[in-house]
Number of protein chains: 2
Amino acid sequence: MKTEQLFSISELAAMFDISSRTIRYYEEVGLLSSESRESLTKQRTYTNHERRRLKLILRGKKLGFSLQEIKEMIDLYESNPEGEDEKNRIISFADQKIDEIEEQILQLQLLKADILAHKKKYLDSKD
Amino acid sequence: MKTEQLFSISELAAMFDISSRTIRYYEEVGLLSSESRESLTKQRTYTNHERRRLKLILRGKKLGFSLQEIKEMIDLYESNPEGEDEKNRIISFADQKIDEIEEQILQLQLLKADILAHKKKYLDSKD
DNA sequence: AATTAAGTAAACGTTAACGTCAACTAGGGG
DNA sequence: CCCCTAGTTGACGTTAACGTTTACTTAATT
């Protein structure tokens with residue numbers, strides 16, 4: 001049998017350098033869960049599954065996505081579509097997100113080029 | 001002589017599909033100016049210079065940067081450093097931003113790969 | 001068992017980035 | 001000159017994403 005390691009809320013918070021409040025907030029808005037909790041008033045415990053999920057959330061945040069967008073993307077990861085329609089809906093959502101991401105990458109490359117150009121300008125003006 | 005075209009605030013707003021209020025707010029926080037205004041109570045007019053600047057602001061927003069970060073980056077474009085120290089400070093700021101951008105691009109590529117993998121999973125489960 | 005540390009829910013506070021509304025002004029057409 | 005449209009400055013309202021505080025409970029330590 002497999003004994004999954006459990007984390008407390010402050011352990012998880014320390015791992016990612018965020019506050020406990022932030023984790024509770026993510027649960028409040030349905031981004032995270034702590035299923036392995038005995039009762040509603042008892043303390044939360046987290047498994048590796050939730051740790052990975054939190055990591056995904058924070059990556060999304062660093063990239064500038066809203067919690068709502070992040071929720072949609074992660075739900076995509078863990079959704080279990082029933083009919084063909086549902087699958088098609090998910091696949092086209094994925095395609096749409098991929099397009100957005102590619103556009104973002106493109107814009108970031110343009111921004112990088114801009115900054116490089118200006119940096120060069122200041123470098124050339126030295127001496 | 002060169003006659004620069006002038007735009008009203010609502011013309012500029014329409015161009016970029018934003019509100020006039022947004023433009024005034026950008027001026028309020030020092031991101032934008034309307035120098036070609038006669039007096040403080042008269043109407044604002046914008047030149048191509050400010051139009052380009054606004055375009056940069058909106059690109060930054062789409063990329064998830066805060067207005068404060070955007071301000072710092074654009075100020076970099078238009079700053080006119082005096083001493084060597086000032087130039088070096090600007091250049092190292094540029095380097096730092098470039099690092100951040102490269103990291104963002106990397107993370108976006110990972111996110112894209114993730115989504116592609118999950119899309120494939122759903123595709124394979126079809127039929 | 002008693003103290004201390006850590007966690008909980010609830011509620012109010014905060015900041016960025018605007019939206020909205022009110023009261024006033026400037027400028028052009030007829 | 002009058003009217004109408006577009007613009008102006010406050011000032012207060014709004015939403016997301018938490019921070020902070022309070023009063024209380026659960027878990028750990030001695």
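Naming: A, B, ... by sequence-line order, numbering from 1 per chain.
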Exercise. Among all residues two or more places apart in sequence or in another chain, which pass the side chain to side chain donor-acceptor pair (under 3.5 Å) test with A:E50?
Worked result: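 Scan of A:E50 (side chain to side chain donor-acceptor pair (under 3.5 Å), adjacent residues dropped) gives A:T47.
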Exercise. Is the distance from OP1 or OP2 of D:dA6 to the nearest side-chain N or O of B:S20 less than 4.0 Å?
Worked result: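 No, outside the criterion.
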Exercise. Between A:S8 and C:dG7, is there a side-chain N or O to OP1/OP2 distance below 4.0 Å?
Worked result: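 Result: yes.
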Length of the [atom1]-[atom2] vector between [X] and [N], whole Å:
{"X": "B:Y46", "N": "D:dT8", "atom1": "OH", "atom2": "C1'", "value": "11 Å"}
{"X": "B:I9", "N": "D:dG7", "atom1": "CD1", "atom2": "P", "value": "7 Å"}
{"X": "B:E27", "N": "D:dG7", "atom1": "CD", "atom2": "P", "value": "14 Å"}
{"X": "A:I70", "N": "D:dA16", "atom1": "CD1", "atom2": "P", "value": "14 Å"}
{"X": "B:Q68", "N": "C:dA16", "atom1": "CD", "atom2": "P", "value": "9 Å"}
{"X": "A:I23", "N": "C:dG7", "atom1": "CD1", "atom2": "C1'", "value": "12 Å"}
{"X": "A:E28", "N": "D:dG19", "atom1": "CD", "atom2": "P", "value": "13 Å"}

For this session: Go through residues 50-61 of chain A and report each residue with a non-hydrogen atom lying under 4.0 Å from DNA chain D, sorted by number.
Result: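 Hits under 4.0 Å, by residue number: A:K61.
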Closest approach of [X] to [Y] (non-hydrogen atoms, all atoms of both residues):
{"X": "B:R51", "Y": "B:L12", "answer": "CG-CD1, 3.9 Å"}
{"X": "B:L76", "Y": "A:Y122", "answer": "O-OH, 2.7 Å"}
{"X": "B:E82", "Y": "B:K87", "answer": "O-CE, 4.4 Å"}
{"X": "B:R53", "Y": "B:D75", "answer": "NH2-OD1, 3.6 Å"}
{"X": "B:S10", "Y": "B:S20", "answer": "CA-OG, 4.0 Å"}

Problem set entry | First of A:S19 and B:E11 reached from the 5' end of DNA chain D, by closest nucleotide |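 Its nearest nucleotide being more 5', the pick is B:E11.
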Exercise. Taking for each residue the nucleotide of DNA chain D bearing the nearest heavy atom, is the 5' side occupied by B:R24 or by A:Y25?
Worked result: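 The 5'-side residue here is B:R24.
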Problem set entry | Pair B:Q107, B:E103: side-chain N/O donor-acceptor within cut-off below 3.5 Å |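 Side-chain D/A pair, B:Q107 to B:E103: present.
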For this session: Assess the side chains of B:H49 and B:E78: does a donor N or O sit below 3.5 Å from an acceptor N or O?
Result: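 Yes, side-chain donor-acceptor contact under 3.5 Å.
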Under 3.5 Å, which donor-acceptor pairs do the side chains of residues 22-32 of chain A form with other protein atoms, sequence neighbours left out?
unit_1, atom_1, unit_2, atom_2, d
A:T22, OG1, A:S19, OG, 3.0
A:E27, OE1, A:S34, OG, 3.2
A:E27, OE1, A:R44, NE, 2.7

For this session: Note the angle between the end axes of the helix from C:dA1-D:dT30 to C:dG30-D:dC1, five pairs defining each, rounded to 10 degrees.
Result: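 The angle separating the two end axes equals 10°.
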For this session: Give the nucleotide from the list D:dT8, C:dT8, C:dG7 with an atom nearest to the side chain of A:R44.
Result: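 Per side-chain heavy atoms of A:R44, the pick is C:dT8.
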Problem set entry | Residue A:T22, side-chain heavy atoms: nucleotide from D:dC18, C:dA6, C:dA17 that is nearest |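 Shortest atom-to-atom distance from the side chain points to D:dC18.
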Seminar exercise, completed: Quick tally for nucleotides 20-30 of chain D: nucleotides whose base has a protein heavy atom under 4.0 Å get B, sugar-phosphate-only ones S, the rest -, giving B-----SS---
Problem set entry | side chain to side chain contact (heavy atoms under 4.5 Å, CB included) partners of A:Q109, counting only residues at least two apart |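 With neighbours one apart ignored, the set is A:I105, A:L106, B:I105.
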Exercise. If you measure from the Lys or Arg side-chain nitrogens to the Asp or Glu carboxylate oxygens, is any gap between B:D114 and A:R59 under 4.0 Å?
Worked result: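 Yes.
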For this session: Before accepting this row, confirm whether a basic side-chain N of the pair B:R89/B:D85 lies closer than 4.0 Å to the acidic partner's carboxylate O.
Result: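 Here B:R89 does not pair with B:D85 in a salt bridge, since their nearest N and O are not under 4.0 Å apart.
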